[in-house]
Number of protein chains: 2
Amino acid sequence: MSGQADANSDRAIPQPVLNRIPTYLRAAEDLLADGTETISSSRLAKILGLTDGQVRADLVYFGAFGRPGVGYRVAHLVEELRRVVGIDKPWPVALVGYGSIGRALVAHEGLRRRSFDIVVVLDADPAKVGRKAGRCTVQPVSELEQELTRREIRLAILAVPSGAAQDLAEQVAAAGVVGIMNFASVRLRLPEEVIVMNVDLTLLLERLSLRLKVAGH
Amino acid sequence: MSGQADANSDRAIPQPVLNRIPTYLRAAEDLLADGTETISSSRLAKILGLTDGQVRADLVYFGAFGRPGVGYRVAHLVEELRRVVGIDKPWPVALVGYGSIGRALVAHEGLRRRSFDIVVVLDADPAKVGRKAGRCTVQPVSELEQELTRREIRLAILAVPSGAAQDLAEQVAAAGVVGIMNFASVRLRLPEEVIVMNVDLTLLLERLSLRLKVAGH
DNA sequence: CGATGTGAATCGTTTCACAGCC
DNA sequence: GGCTGTGAAACGATTCACATCG
């Protein structure tokens, strides 16, 4: 059995596998809520539109959670995967930019429920500073470094205009952030150790449009 | 696995290629704005973090836009790729759900600038019906089929609570929609011809969290 | 007997090297 | 000479088949 979090690593884990792991967790949590006790790789695969072999191969990257002849105990699977994904403990998150996307994120009750807790909200607009933003009060970006280092924040959400994104990304990275979810339509240039997840809505719509065209619609 | 009629096109285009095409378009548009006239595959590759051979191979799937010894004419590349992606003409889009995410999308001026024009906004909450939503007025979901068929809408954005998503997805699909951008945290079960692009923010944050853990952070 | 974990074979994507054109 | 388009080689991921275990 996997002992501790020997984070890295027996060998490199393919990116597609990493992308699927949270979907396994999601499915397992749904099953747990339904009262299902055990789940086989084939049933889990059917839920997610995969093959049973793929499910087993993916899970084995993070340790052998299953029992031959039985399957995976759902409660155990949820617990292990939450640990693997890193949401067994809450992440304190900084939200930079309190525009319409920022407000949607603060209002999104699913985030805290899934261990992402927005504890700092910052904005460059003096008119927004001082407003209530969920449990936070909007603070000026001038306090970015101080707040992020003080609270030891390593995860930030950037929901700012494209023109401001690169500068602010550098600031949060300099303040110790190692993961950024970026809603701006720009490729951020940052030190390699900082991991960026881009959520470019127009780009995603363009991918959808292209897929429709290719499908003949 | 799905036995689909490959009635159209020379051969199937890999999904990774389809995902990259809009990023080529984005880069080309930036270059056009900078006044750059021609671009080589190697320079374009450097901008996007790819290899030159990959850029050439990807673009050739959609026709040979480049000229040996010269490169790609930026203006031509933009024009061709906009046509390929399907944003040479505006898409009329229906927005279902005028909560905080819906409001953020209506406020997002980048969407219309990139040919995605929200022309109908619907919500189930009577308190929201009648409100101004950008250029639209929020309409009740009871008018969904009528509005979507009347305007011949084929692209919809679903920004509704998870519990309502499946039902509304079926409704928009029945009204002729073939592409859905889904912000709810559920896998929609729809006829195969309907293409769904999921934008599950908590799932994306979990992927980011996992990547951070694997990277040792 | 049923279902996992695992190496081997298959499939698809990326990379490479070069012929051909500007 | 520089750069594209293109087949062939290399690489990585998925699928398969089976030994193993409860």
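Convention: sequence-line order gives letters A, B, ...; per-chain numbering from 1.
- The side chain to side chain donor-acceptor pair (under 3.5 Å) analysis of residues 85-95 of chain B, with sequence neighbours excluded, yields the pairs S209(A)-W91(B).
- No donor-acceptor contact under 3.5 angstrom links the side chains of R73(B) and T38(B), judged on distance only.
- For residues 22-41 of chain B, proximity to DNA chain C is found at no residue, defined as any non-hydrogen atom under 4.0 angstrom from a strand atom.
- Rounded to whole Å, the distance from CG on D58(B) to C1' on dT13(C) is 10 Å.
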N/O donor to acceptor pairs below 3.5 angstrom from side-chain atoms of residues 99-109 of chain B, sequence neighbours left out:
{"unit_1": "R103(B)", "atom_1": "NH1", "unit_2": "Y98(B)", "atom_2": "O", "d": "3.2"}
{"unit_1": "H108(B)", "atom_1": "ND1", "unit_2": "G110(B)", "atom_2": "N", "d": "3.1"}

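- Partners of R43(B) under the side chain to side chain donor-acceptor pair (under 3.5 Å) rule, at least two apart in sequence or in another chain, do not exist in this structure.
- Rounded to an integer number of Å, the gap from F65(B) CZ to dG5(D) C1' is 13 Å.
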Can you give one letter per nucleotide of nucleotides 16-22 of chain C, 5' to 3': B if a protein heavy atom sits under 4.0 Å from the base, S if only from the sugar-phosphate, - if neither?
-B--BBS

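- Summarising the geometry, the separation between CG on D52(A) and P on dT15(D) is reported as 10 Å, rounded to the nearest angstrom.
- Counting to the nearest Å, the P atom of dA3(C) and the NZ atom of K46(A) are 13 Å from each other.
- The two residues V17(B) and F62(B) have their closest heavy-atom pair at CG1-CE1, 4.4 Å.
- Pairs of residues two or more places apart, or lying in two chains, that qualify as side chain to side chain donor-acceptor pair (under 3.5 Å) and include a residue from residues 111-120 of chain B are E206(A)-R114(B), E29(B)-R114(B), R82(B)-S115(B).
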Could you pull out the protein-nucleic contacts involving nucleotides 11-13 of chain D (nitrogen or oxygen on both sides, under 3.5 Å)?
none

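- Counting to the nearest Å, the P atom of dT4(C) and the CZ atom of R73(A) are 14 Å from each other.
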N/O donor-acceptor pairs under 3.5 Å from side chains in residues 165-191 of chain A, not counting sequence neighbours:
{"unit_1": "Q166(A)", "atom_1": "OE1", "unit_2": "R189(A)", "atom_2": "N", "d": "3.0"}
{"unit_1": "Q166(A)", "atom_1": "NE2", "unit_2": "E170(A)", "atom_2": "OE2", "d": "2.6"}
{"unit_1": "Q166(A)", "atom_1": "NE2", "unit_2": "R189(A)", "atom_2": "O", "d": "2.9"}
{"unit_1": "D167(A)", "atom_1": "OD2", "unit_2": "Q171(A)", "atom_2": "NE2", "d": "3.4"}
{"unit_1": "N182(A)", "atom_1": "OD1", "unit_2": "A184(A)", "atom_2": "N", "d": "3.0"}
{"unit_1": "N182(A)", "atom_1": "ND2", "unit_2": "A184(A)", "atom_2": "O", "d": "3.3"}
{"unit_1": "N182(A)", "atom_1": "ND2", "unit_2": "V186(A)", "atom_2": "O", "d": "3.2"}
{"unit_1": "N182(A)", "atom_1": "ND2", "unit_2": "N198(A)", "atom_2": "OD1", "d": "2.8"}
{"unit_1": "S185(A)", "atom_1": "OG", "unit_2": "D200(A)", "atom_2": "OD1", "d": "3.2"}
{"unit_1": "S185(A)", "atom_1": "OG", "unit_2": "D200(A)", "atom_2": "OD2", "d": "3.2"}

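- The distance between atom CG of L77(B) and atom P of dG5(D), rounded to the nearest whole Å, is 10 Å.
- The list of salt bridge (charged side-chain N to carboxylate O under 4.0 Å, His left out) pairs with a residue in residues 58-68 of chain A, not counting sequence neighbours, reads R20(A)-D58(A).
- For S40(B), the side chain to side chain donor-acceptor pair (under 3.5 Å) partners at least two apart in sequence or on another chain are S42(B).
- Between the P atom of dA3(C) and the CZ atom of R43(A) lies a distance of 10 Å, rounded to the nearest Å.
- The phosphate of dG5(C) has OP1 or OP2 within less than 4.0 Å of a side-chain N or O from Y72(A).
- With sequence neighbours excluded, the residues forming a side chain to side chain donor-acceptor pair (under 3.5 Å) with R151(B) are E147(B), listed by chain and number.
- Legend: residues meeting side chain to side chain donor-acceptor pair (under 3.5 Å) with T23(A), ordered by chain and number and at least two apart, are absent.
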